[in-house]
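Remarks on the structure that follows.
In listed order, ligands and their atoms are each counted from 1. These values consider heavy atoms only, across backbone and side chains, with no hydrogens, waters or symmetry-generated copies.
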Amino acid sequence: MTDYNKQTVSFWFDTLAEQIQPRPALTEDIQADVAIIGAGFTGLWTAYYLNKQQPDLRIAIIESETAGFGASGRNGGWLMGAMAGKTKYLAGLPEAERQAGYQLIFGIIAEVKQVLAAENIDCDLHHGGSVYAAARYPEQLAFQQEELKHLYQAGLSEDDYRWLSKAELDDTVRMRKGMGGIYTPHCAVINPAKLVRGLAQCLERKGVTIYEQSAVTQVGHKQLQTAQGSVRADVIVPATEGFADELMGLKRYVLPIQSLIVATEPLSESQWDEIGLADRPTFSDAGRMATYGQRSADGRIIFGARGGYIYGGKVRHRFALTDPEFREREQILRDLFPSLANVNITHGWGGTLGMARNFTPFAVFDANSGIASAGGYGGEGVGASNLFGRTLADMILQKQTELTAMPWAFSPATHKSALKRWEPEPCRWLTYQTLLNVFSWEEDLYNKGKAPAWQRKAVAAVCDKLALLMA
Ligand SMILES: Cc1cc2nc3c(=O)[nH]c(=O)nc-3n(C[C@H](O)[C@H](O)[C@H](O)COP(=O)(O)OP(=O)(O)OC[C@H]3O[C@@H](n4cnc5c(N)ncnc54)[C@H](O)[C@@H]3O)c2cc1C
């Protein structure tokens with residue numbers, strides 16, 4: 001029996017006023033128009049936009065645990081008007097279409113705000129932008145300035161991404177050794193558990209049925225099976241992202257990666273004066289650990305960094321603050337902000353996200369088999385799942401819209417070439433371990449500051465190449 005103790009899921013679950021009581025399980029054989037597997041953001045947003053366009057559609061959501069138990073209730077709360085691989089997807093399009101694509105992506109935050117207002121959902125959203133990839137070493141500075149040039153070459157402007165000098169960076173967030181970084185207005189902070197739980201309740205009010213503690217064990221032709229029941233449906237939507245296990249062979253398309261987060265106790269006003277973040281922008285440094293932080297509504301720092309990959313692509317959702325991996329995150333946080341040396345860490349948790357082989361997320365629908373799916377957000381799914389839920393809803397309803405014309409929407413005719421499969425084990429595990437080791441070697445080299453210039457240059461060149469391959 002899974003432990004739904006709020007503290008064991010995430011700090012965000014701990015802030016919920018509700019007691020977590022799982023909804024009833026699926027205990028019979030039912031019929032639906034659309035059956036969605038997974039009550040995370042992808043499944044819930046897809047249901048929301050299907051219901052909005054066709055309120056009489058019979059939608060059943062089948063969740064193995066409880067709504068938000070996956071990455072959606074555990075993440076760093078960056079609601080980004082962005083998505084992994086956006087320039088890759090849009091680069092080849094004619095200018096007008098390319099700009100339309102960017103506007104759809106940047107428009108995610110406005111769309112979410114509008115739904116929150118319409119449906120009376122409060123998730124502590126604050127739109128303060130993002131200082132991302134702040135450089136702390138000369139090599140990082142050079143890489144991030146190149147990155148900004150690349151964004152401009154890809155058709156983006158200073159209104160979307162701009163350089164912060166050291167003084168401007170310090171005005172926004174004072175990181176030890178901060179040298180400069182990229183700022184974008186296209187990011188907001190949220191409490192993700194409030195959003196995912198609020199969306200689930202909103203869907204129930206609209207007549208969508210959510211079954212919990214009902215793991216789907218098998219998906220057949222227009223039919224799925226759980227331990228105690230089954231659903232026959234014209235359309236089946238696996239919305240399981242990092243949990244993509246053996247269900248329909250999705251495992252080979254989405255690599256499950258762990259990410260881990262710590263939360264501090266609420267900081268005092270004087271501590272905040274030292275750190276900054278007055279307008280609550282999200283922040284990260286340019287290290288390869290892919291850090292991400294936010295100032296929560298109740299004045300804590302929530303700070304995470306990439307974790308591991310378990311051999312065989314296993315999912316992990318049990319974490320304890322005593323796990324040694326949390327000390328590593330704590331150490332990076334205290335190194336960024338030395339004034340936090342004696343601050344208590346009250347929560348530590350983690351979750352599993354999904355990485356697509358070509359590092360770009362996808363929305364796929366095959367009208368013949370009735371299978372639709374979206375995912376592979378690579379750690380940027382909080383906002384992207386809204387866009388992909390909207391895209392998937394239009395695809396399922398077989399509407400030809402601006403969204404379904406976007407290059408992230410695949411039909412069977414195009415998806416074989418777009419959706420690459422990950423290599424079999426042990427290649428995946430070995431590659432991931434090698435990447436982690438090379439990246440932490442680089443970090444160590446910079447931190448110690450004693451390596452000769454040629455060595456730093458060589459390591460930076462290798463790591464930059466690897467990072468670009470994953471971008
Ligand atoms: C620690 C962490 C930090 C992150 N930080 C950010 C961030 O700050 N910003 C950002 O944009 N993205 C972030 N992400 C990524 C983002 O959270 C995810 O991309 C997004 O939540 C994916 O939503 P989803 O609905 O597709 O998947 P999930 O939320 O994982 O939902 C999948 C659901 O499917 C259920 N399920 C699985 N198997 C079955 C089955 N067989 N039968 C029935 N149900 C099943 C699971 O229980 C789960 O509830 C982070 C991820 C993690 C793990």
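For the side-chain hydrogen bond (donor to acceptor under 3.5 Å, both in side chains) test, no residue two or more places apart in sequence or in another chain qualifies with Asn51.
Taking every non-hydrogen atom of Glu380 and a distance limit under 4.0 Å, the qualifying atoms of ligand 1 come out as 10 (C), 11 (O), 12 (N). Of all the atoms in ligand 1, the ones that sit under 4.0 Å from a non-hydrogen atom of Ala215 are 42 (N). Heavy-atom contacts of Tyr377 reach the following atoms of ligand 1: 19 (O), 26 (O) (cutoff under 4.0 Å). For ligand 1, the atoms closer than 4.0 angstrom to any heavy atom of Phe41 are 21 (O), 25 (O). Listed by number with element, the atoms of ligand 1 under 4.0 angstrom from any heavy atom of Ile62 are 43 (C), 44 (N). Under a 4.0 Å criterion applied to the non-hydrogen atoms of Tyr292, ligand 1 contributes the atoms 1 (C), 2 (C), 3 (C). Atom numbering of ligand 1 starts at 1 in the shown order; those under 4.0 Å from a heavy atom of Gly351 are 53 (C). Within the listing of ligand 1, atoms 40 (C), 42 (N), 43 (C), 44 (N) sit less than 4.0 angstrom from a heavy atom of Ile37.
Gly375 does not count as a contact of ligand 1, since none of its heavy atoms falls under 4.0 Å from the ligand. Residue contacts with ligand 1 do not include Ser385, since none of its heavy atoms lies under 4.0 Å from the ligand. At least one heavy atom of Gly77 sits closer than 4.0 Å to an atom of ligand 1. The closest approach between a heavy atom of Gly304 and any atom of ligand 1 is not below 4.0 Å.
Any N or O atom pair closer than 3.5 Å counts here, and Phe243 shares no such pair with ligand 1. Considering backbone and side-chain atoms together, Ser64 places an N or O closer than 3.5 Å to an N or O of ligand 1. In terms of polar-atom proximity, Phe69 is not counted as a contact of ligand 1, lacking any N or O under 3.5 Å from an N or O of the ligand. Ligand 1 has no N or O atom lying under 3.5 Å from any N or O atom of Ile261, backbone or side chain. Close N/O approach between Gly76 and ligand 1 is found [any backbone or side-chain N/O within under 3.5 Å].
With a 6.0 Å cutoff to the six-membered ring centre and a 45° limit on the axis angle, Arg252 does not count as a cation-pi contact of Trp422.
With a heavy-atom cut-off of 4.0 Å, Trp349 does not touch ligand 1 at all. Contacts between Thr217 and ligand 1 below 4.0 angstrom, taking non-hydrogen atoms only, are absent altogether. Contacts between Thr352 and ligand 1 below 4.0 angstrom, taking non-hydrogen atoms only, involve the backbone exclusively.
Atom-to-atom distance recorded for Met355:CE and Glu380:CD is 9.5 Å, nearest 0.5 angstrom. To the nearest 0.5 Å, atoms OG (Ser284) and CD (Gln294) are separated by 13.0 Å. A distance of 10.0 Å separates CG of Leu277 from CZ of Arg280, quoted to the nearest 0.5 Å.
Using the six-membered ring where Trp is involved, Phe337 and Phe283 have ring planes that are perpendicular, over 60° apart on the 30 and 60° scheme. Aromatic ring orientation, Tyr89 versus Phe410: tilted (interplanar angle from 30° to 60°).
With distances taken over non-hydrogen atoms, the option nearest atom 22 (C) of ligand 1 out of Glu241, Met83, Glu63 is Glu241. Across the listed options Gly350, Gly38, Gly70, Ala239, Ala239 owns the non-hydrogen atom lying nearest to atom 32 (C) of ligand 1. Closest heavy-atom approach to atom 29 (O) of ligand 1 within the set Gly307, Ser72, Gly293, Cys187: this belongs to Ser72. Nearest to atom 25 (O) of ligand 1 by heavy atom, out of Thr282, Thr42, Thr240, is Thr42.
Counted by atom type alone, Asn344 and Thr346 present zero donor-acceptor pairs between their side chains at under 3.5 Å. Side-chain contact annotation: Asp394 with Thr404, donor-acceptor N/O pair under 3.5 Å absent. Looking only at atom types and distance, the side chain of Tyr377 has a donor-acceptor partner in the side chain of Thr42 under 3.5 Å away. In this structure, a donor-acceptor pair under 3.5 Å is present between the side chains of Ser369 and Asp366.
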The test is side-chain contact (heavy atoms from CB on, under 4.5 Å); show your working for Tyr132 and Thr184 and say whether it passes. CA-CA 8 Å; Tyr132 83 90; Thr184 176; 4.1 Å; yes
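Summarising the geometry of Arg74 relative to Trp349, their closest heavy-atom pair is O-NE1, 2.7 Å, with the distance given to 0.1 Å.
Between Glu325 and Arg316 a salt bridge is recorded (basic side-chain N to carboxylate O distance below 4.0 Å).
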